[in-house]
Protein chains: 2
Amino acid sequence: MERELEKLLKKSRLSVTDSRVKILELFFNQQGALAHGDIEKRTGEKFDRVTVYRTLQAFLTKGIIHTIPTNDNSIRYALCKDTCEEGHHHDNHVHFVCNDCGNTTCLEEIIIPEIKLPKGYASNQVEMIVSGICRACKKG
Amino acid sequence: MERELEKLLKKSRLSVTDSRVKILELFFNQQGALAHGDIEKRTGEKFDRVTVYRTLQAFLTKGIIHTIPTNDNSIRYALCKDTCEEGHHHDNHVHFVCNDCGNTTCLEEIIIPEIKLPKGYASNQVEMIVSGICRACKKG
DNA sequence: TAATAAGATGCAACTTTGTTGCAAAATATT
DNA sequence: AATATTTTGCAACAAAGTTGCATCTTATTA
Ligand SMILES: [Mn+2]
Ligand SMILES: [Mn+2]
Ligand SMILES: [Zn+2]
Ligand SMILES: [Zn+2]
């Protein structure tokens with residue numbers, strides 16, 4: 001595992017540091033997205049808050065993670081697929097936010113449908129966020 | 001105009017106050033969304049910051065405005081159509097964020113397409129945010 | 001219209017979140 | 001192993017958001 005992560009970091013031309021490995025590990029051990037706050041909580045005393053900000057920023061610009069917009073002022077972050085690189089994201093999947101457990105999930109298999117914009121608008125990126133009750137919560 | 005706004009406030013069982021009228025006016029005089037910060041700037045010295053928070057909160061729960069998720073930690077707010085009420089929003093339109101001018105627009109006429117969720121998921125609400133270049137900026 | 005009740009506002013104090021510069025520490029390169 | 005390059009933590013700060021409470025405003029009633 002550790003090796004895996006190192007490889008990913010190196011591929012992105014990021015030096016391999018404790019915080020980067022640990023935070024990346026968090027993302028791998030969790031399906032679903034993490035907010036900045038989550039990461040602070042889970043890394044506990046280990047790293048400075050500033051380091052978490054800078055680490056997420058680095059992962060973002062290198063195309064290791066992507067953001068998921070929210071309407072509660074707490075951006076979520078989730079792992080990108082291999083196909084994403086610095087400057088070229090290829091995340092076109094739907095995100096699901098559970099109103100019960102609060103988890104945000106990437107529905108990798110659900111592709112965001114095309115839409116026709118009014119004349120004069122040029123689209124660059126499309127986000128689609130569905131909220132409701134997730135599978136796990138529905139059962140429970 | 002003033003009358004219009006009063007009517008809307010009363011219909012929502014909100015008492016008619018200076019700040020509510022002025023902030024609601026802002027929304028009416030502007031097509032597109034406003035962030036909390038925008039409102040603070042435009043109302044200048046007039047109201048306390050806390051009042052702006054509480055006013056937006058009131059408008060939200062009464063179904064006068066709706067939120068638009070962002071990935072920069074600054075939720076946008078825009079007017080709802082008449083059909084929205086306390087507890088029952090009926091906003092199913094696409095939102096457009098211009099990367100040039102930064103404006104967020106409600107594309108009322110573009111309905112969010114249906115999607116098929118994986119088994120076990122129940123959808124409650126769907127958001128679709130397109131970013132790119134808006135009509136105004138494309139021309140300029 | 002005046003008196004009263006209900007509700008909204010501003011202020012102060014505070015918490016949480018995010019930013020920046022810089023010296024010390026860790027990592028990468030030779 | 002020595003050096004160059006990056007990253008980290010700390011401190012200090014700025015910005016954003018929250019809460020309780022006294023005062024003022026709006027709505028209701030007589
Ligand atoms: Mn995703
Ligand atoms: Mn809208
Ligand atoms: Zn759930
Ligand atoms: Zn524009």
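So that the names make sense, note that chain A is the first sequence line, chain B the second, and so on, each numbered from 1. All values below were derived from every heavy atom in this structure, side-chain atoms included, with hydrogens, water molecules and symmetry-related copies excluded.
- Through direct or relayed side-chain contacts under 4.5 Å between Ile, Leu, Val, Met, Phe, Trp and Tyr, B/F47 connects to no other residue.
- Whole-Å rounding puts the A/H36 NE2 to C/dG18 C1' distance at 8 Å.
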Without placing hydrogens or testing angles, list every side-chain donor-acceptor pair under 3.5 Å for residues 118-127 of chain B, not counting sequence neighbours.
from: B/Q125; atom 1: NE2; to: B/E127; atom 2: OE2; distance (Å): 3.4

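- Sorted by first and then second residue, the ring-ring contact (aromatic ring centres under 6.0 Å, His included) pairs involving residues 99-119 of chain B (not counting sequence neighbours) form an empty list.
- One can place CG of A/D72 at 16 Å from C1' of D/dT18, the figure rounded to the nearest angstrom.
- In this structure, B/L56 atom CG and D/dG17 atom P are separated by 10 Å, rounded to whole Å.
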Can you check each nucleotide of nucleotides 21-30 of chain C against protein heavy atoms at under 4.0 Å and return B for base, S for sugar-phosphate only, - for none, in 5' to 3' order?
B-----SS--
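- Proximity of A/T51 to the phosphate of D/dT8: no side-chain N or O atom is located under 4.0 Å from OP1 or OP2.
- Straight-line distance from the OH atom of A/Y53 to the P atom of C/dT20: 12 Å, rounded to whole Å.
- Formation of a donor-acceptor pair under 3.5 Å by the A/S74 side chain with backbone atoms of A/T70 is not found in this model.
- Atom NZ in B/K62 sits roughly 14 Å away from atom C1' in C/dA8 (whole-Å rounding).
- Looking at heavy-atom distances under 4.0 Å, B/R20 makes contact with sugar-phosphate atoms alone, never a base.
- Remark: B/L26 pairs with B/L34, B/I39, B/R42, B/T43 by the side chain to side chain contact (heavy atoms under 4.5 Å, CB included) rule, at least two apart or across chains.
- A/T67 is linked by a side chain to side chain contact (heavy atoms under 4.5 Å, CB included) to A/L60, A/I75, A/Y77, B/N71, counting only residues two or more places apart in sequence or in another chain.
- Residues forming a ring-ring contact (aromatic ring centres under 6.0 Å, His included) with A/H93 (at least two apart in sequence, or on another chain): A/H66, A/H95.
- You'll find a donor-acceptor pair under 3.5 Å spanning the side chain of B/R49 and the base of D/dG17, going by distance alone.
- Within 6.0 Å of CD in A/Q30 there are more than 12 heavy atoms belonging to other residues, nucleotides or ligands.
- Note on the helix from C/dT1-D/dA30 to C/dT30-D/dA1: angle between the axes of the first and last five pairs equals 40°, rounded to 10 degrees.
- Distance, B/K22 NZ to C/dT9 C1': 15 Å, rounded to whole Å.
- In this structure, CD of B/Q57 is placed 14 Å from C1' of D/dT19, rounded to the nearest angstrom.
- OP1 and OP2 of D/dA16 both lie 4.0 Å or more from every side-chain N or O belonging to B/N73.
- The CG atom of A/L9 sits 14 Å away from the C1' atom of D/dT6 (whole-angstrom rounding).
- Closest-nucleotide positions on DNA chain D for B/E40 and A/T55 were compared, and the one nearer the 5' end corresponds to A/T55.
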Can I get a per-line list of side-chain donor-acceptor pairs under 3.5 Å for residues 104-114 of chain B, giving both atom names and the distance, sequence neighbours left out?
from: B/T104; atom 1: OG1; to: B/R76; atom 2: NH1; distance (Å): 3.3

